Amino acid sequence: NADTIMSFDRADGDKIKLFDTDGVTPIANPMTGGSPTLGVMPAGGGYTIFVNGSGEIVFQSQDNDFGSLSNSDFTVA
């Protein structure tokens with residue numbers, strides 16, 4: 001089962017922090033680059049965020065902000 005994000009709101013300054021497989025190194029730009037780490041897919045009235053090339057689901061949300069998820073929604077701080 002994937003985690004669900006219930007209340008993400010860019011207008012409130014919300015950010016997501018993801019870590020690499022070592023559990024220590026934050027992923028800086030997961031949505032772009034030569035090989036983007038994450039993809040977004042509409043699913044069941046919401047969105048599923050998955051790891052490209054693996055089919056692994058990272059999290060799900062019914063929040064419309066995830067339809068246009070970008071690197072600016074993530075932080076390494």
Side-chain angles (χ1 to χ4, degrees):
N1 290 333
D3 291 328
T4 300
I5 295 179
M6 299 294 291
S7 182
F8 179 82
D9 191 344
R10 283 186 192 106
D12 290 343
D14 291 347
K15 300 278 184 176
I16 301 164
K17 190 170 189 176
L18 294 178
F19 292 93
D20 207 338
T21 56
D22 63 9
V24 177
T25 307
I27 300 172
N29 296 303
M31 302 303 295
T32 61
S35 165
T37 304
L38 299 180
V40 178
M41 176 177 60
Y47 299 92
T48 297
I49 291 67
F50 61 94
V51 176
N52 285 328
S54 77
E56 176 186 353
I57 296 172
V58 179
F59 55 86
Q60 304 173 93
S61 182
Q62 297 294 317
D63 195 310
N64 288 330
D65 282 337
F66 285 102
S68 59
L69 198 62
S70 70
N71 286 330
S72 64
D73 295 315
F74 294 84
T75 183
V76 295

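What you see is a predicted model; the values in this text were computed from it and never measured.
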Quiz prompt | Gap between atom CG of Asp9 and atom CG of Asp14 - 0.5 Å precision | solution = 6.0 Å

Practice problem: Measure the spacing between CD of Gln60 and OG1 of Thr48 and express it to the nearest 0.5 Å. | Solution: 4.5 Å

Exercise. Give the C-alpha distance, both sets of side-chain angles, the deciding distance and a yes or no for side chain to side chain donor-acceptor pair (under 3.5 Å) between Asp22 and Thr25.
Key: CA-CA 7 Å; Asp22 63 9; Thr25 307; 2.6 Å; yes

Quiz prompt | side-chain hydrogen bond (donor to acceptor under 3.5 Å, both in side chains) against Ser54, all qualifying residues, sequence neighbours excluded | solution = none

Quiz item: Which residues pass the side-chain hydrogen bond (donor to acceptor under 3.5 Å, both in side chains) test with Asp20, sequence neighbours left out?
Solution: none

Practice problem: State whether the side chain of Lys15 and the backbone N or O of Ala77 hold a donor-acceptor pair below 3.5 Å, judged by distance alone. | Solution: no

Quiz item: Taking 4.0 angstrom as the limit, do Arg10 and Asp73 come out as a salt bridge?
Solution: yes

Exercise. List, by chain and number, the other hydrophobic cluster members for Tyr47, where Ile, Leu, Val, Met, Phe, Trp and Tyr join if side-chain heavy atoms come within less than 4.5 Å, directly or indirectly.
Key: Ile5, Phe8, Ile16, Leu18, Ile27, Met31, Leu38, Val40, Ile49, Val51, Val58, Phe59, Phe66, Leu69, Phe74

